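Not measured: the values here are computed from a predicted model.
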Amino acid sequence: MGFTPAQVGAMSLWEFMACMDGFGRANGWTMSPGGKAMSVDRMRELGIEGF
């Protein structure tokens with residue numbers, strides 16, 4: 001999306017996800033129905049916090 005690591009670090013999770021959604025829509029990404037959500041434990045293993 002063109003952000004530096006510092007810019008991403010300064011964003012809230014909501015802001016980052018909004019940017020990713022807009023970037024995806026502008027570039028023709030589509031969502032396939034029936035996808036499986038990542039578990040909270042797996043997100044924590046990856047260092048994703050803030051939920």
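Heavy-atom minimum distance, Met11 versus Phe16: SD-CA, 3.9 Å.
Enclosure of atom CH2 in Trp29 by more than 12 non-hydrogen atoms of other residues, nucleotides or ligands within 6.0 angstrom is indicated.
With Asp21 contributing its side chain and Met17 its backbone, the two residues share no donor-acceptor pair below 3.5 Å.
Rounding to the nearest 0.5 Å gives a distance of 11.5 Å between CZ of Phe3 and CE of Met20. To the nearest 0.5 angstrom, Ile48 atom CD1 is 8.5 Å from Arg42 atom CZ.
Remark: Thr4 pairs with Gln7 by the side chain to side chain donor-acceptor pair (under 3.5 Å) rule, at least two apart or across chains.
The shortest distance between side-chain heavy atoms of Met38 and Leu46 falls below 4.5 Å.
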